[in-house]
Amino acid sequence: MNIIEICGLTMTYKNGVKALRGISFLIEKPKIIGFLGPNGAGKTTTCEILTTAITPTSGTAFILGKSILKDAKEVRKLITYAPQDYIIDWPLTVWDNLKIFAKLYNIPKKQINNRIEALLDKFGLFEKRECKALELSGGQAKRLQLIRALLPQPKILIADEPMLGLDPAGKLAAFEALRELKTNGTTIFLCTNEMKEVEEVCDEIIFINNGKIIAQDKVDKFIKQYANYRFLEIFYNGTLSSENIATIINAEIVLNEVGLIRIKMPLDVTIHTIIQKLSQQKLEIKDIKIREPSLDDAFLNLVSSHHDT
Amino acid sequence: MMHSLIWLVRIMIHKISLLIYRELKNMIQFKSVLLVQIVYPLSYFLLYAIGISGSITTISYQGQNIPFILFLTPGLIAMQTFAQFQHIYMATSNDRRFGVMKLLILGGIDYPEIAISKILLSFFFIFFQFLFLVFGLWIASGFAPSLISLIVGLIILTIAIIFWGMIGIGLGVKITKEEVRNVIILVITLPIMFSSSVFYNPALAPKWIYYLSRINPLTYTANALRDVFLNNLSQCVNNLLFLSLFSIVALIFSSFSFRKTDLPRRH
């Protein structure tokens, strides 16, 4: 049975904004999916549709075979949702916020305290358990939201920008918790713009732009496909202009300073070839630094290519 | 069949008790809300009912002259049901505005559970306010209603809470902006209270006030309670019927209003 199956979802809001323009994709096995896209691409709308919070204009989706339209009640039992906005009972304590949802998720009474304690401890909020939620910082409130979504060990976790505002320790705890969830068989649908977190934890990427799915692939393949170059920084002494250097080695200039040139180099060109070509021009190379392409580069390429089209 | 019904009821009770627990916790954090539930009826009774009955000793009601304090106390009890409207409206609109209601619905809570939990919690407060005011009436005037009167009184109050609670939920899910909400509460409070029979007998007031009072559910609540206390059973049943009609309309309004929001769909 497929974990998530989305078939031709469209969403047009009352104000006429077309958030989704017929998106379809399939997730077959438990994994961590990074759902990427620029602001306003339709990520949150997709999340809200999958959680049954909103109804699509047309199309449908299935969560573990259950229709979001016909079996919404069943779907809600399979999913927990960590929303992008802060949705918290602000006057209540951290503990009460979690206890109420633990009870709502039908966690056995005997396990509730242990489960909450373990998660609070993992996310560094144990000391804050008796504080009112409104006394928490933004990052702490975000952690609280994530803990709440992790309480029931759901089949599917839909998390919309869960790491936004988290400090490095919070992110680390979140990564660890997400990996642990995955090993327990949970599929995590991570809606985000933070490329580092995607590279860190995601198995697969789905890229959405302007309400359309542009790409779906494994992280490394995605980077290879959409950022098929590496960056090279050459520190040199010599008389050749950087434009000439770029022509000689047949690459695109990204940065051009005195004695330093940063170029975008196709993956099939070896560094050895470049050094050879530059040496032939009697250019003294002081240092060379290489940066492998990142998800950020693939993201930017994909967004800019779609702006162009 | 029976087993699944029992199972469904148990789940519903679990969810309702959870919602009540949540609201109580919220109230405990906002101690002022709890304080209002005690101070409001107490100050009205001490400063208003006892104070005014010093200068107005009797009032004409249903063709008989009755002590003013006996007239006013059921009115004050009825007024507490209207006060619950304000609490329910504010709590609902806050839950809606901050997204908590959406999250609760996604967690498996449904409209009936939200409505019932709010009604039950209001009933809890009204129950004590009712007993407290009846006790005050007994101390101040020596009048003690029978046990049957108390039970019927509680039934009347329950129906009145359903009315005000449903209006509170219906408005709360629709109108969530704090400034608009506050204006609504301010604008309707005085007309609702003073176009009813809470403080005086509208039958003795100008005709237009009298007609206004006939479309005001607070009038029927106050009168039904008075009729119970005065053993006017046929009048009480009349008032109760009108009040029930109002509550049914409010129930439909609330359910319709809930469905017409962008909250997650009910199934």
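Chain identifiers are assigned alphabetically (A, B, ...) following the order of the sequence lines, protein sequences preceding nucleic acid strands; residue numbering begins at 1 within each chain.
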[X] [atom1] to [Y] [atom2] distance, which is reported to the nearest 0.5 Å:
X        : Y        : atom1 : atom2 : value
B:Leu24  : A:Asp96  : CG    : CG    : 11.5 Å
B:Leu104 : A:Leu104 : CG    : CG    : 6.5 Å
B:Lys15  : A:Asn106 : NZ    : CG    : 8.0 Å
B:Lys25  : A:Trp95  : NZ    : CH2   : 11.5 Å
A:Ile100 : B:Leu18  : CD1   : CG    : 6.5 Å

Checking B:Phe194 now: which residues fulfil ring pair (Phe, Tyr, Trp, His ring centres under 6.0 Å) with it, not counting sequence neighbours?
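Per chain and number, B:Phe194 pairs via ring pair (Phe, Tyr, Trp, His ring centres under 6.0 Å) with B:Phe199.
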Give a yes or no on this: more than 12 heavy atoms of other residues, nucleotides or ligands lie within 6.0 Å of atom [atom1] of [X].
X        : atom1 : result
A:Tyr13  : OH    : yes
A:Lys18  : NZ    : no
A:Lys155 : NZ    : no
A:Lys212 : NZ    : no

Could you look at [X] and say if it's the side chain, the backbone, both or neither that has a heavy atom under 4.5 Å from chain B?
X        : result
A:Pro152 : neither
A:Phe101 : side chain
A:Lys77  : neither

Check whether any side-chain heavy atom of B:Ile105 lies under 4.5 Å from a side-chain heavy atom of A:Arg76, and answer yes or no.
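B:Ile105 vs A:Arg76: side chains touch.
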Does a side-chain heavy-atom distance below 4.5 Å link A:Thr93 with B:Gln29?
yes
Applying a strict 4.5 Å limit to non-hydrogen atoms, the region of B:Ile28 in contact with chain A is neither
Given side-chain contact (heavy atoms from CB on, under 4.5 Å), test A:Asp85 with B:Phe98 step by step and report yes or no.
CA-CA 9 Å; A:Asp85 302 324; B:Phe98 298 123; over 6 Å; no
B:Arg22 and A:Lys99: side-chain contact (heavy atoms from CB on, under 4.5 Å), yes or no, with the steps?
CA-CA 10 Å; B:Arg22 178 182 163 263; A:Lys99 193 173 179 183; over 6 Å; no
Check for a donor-acceptor pair, side chain of B:His14 on one end and backbone N or O of A:Lys103 on the other, with a separation under 3.5 Å.
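Answer holds: yes.
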Could you go step by step and tell me if B:Leu103 and A:Arg148 meet the side-chain contact (heavy atoms from CB on, under 4.5 Å) rule?
CA-CA 11 Å; B:Leu103 217 58; A:Arg148 187 180 56 200; 3.0 Å; yes
Counting heavy-atom pairs under 4.5 angstrom with chain B, the leader among A:Thr51, A:Ile87, A:Ile79 is A:Ile87
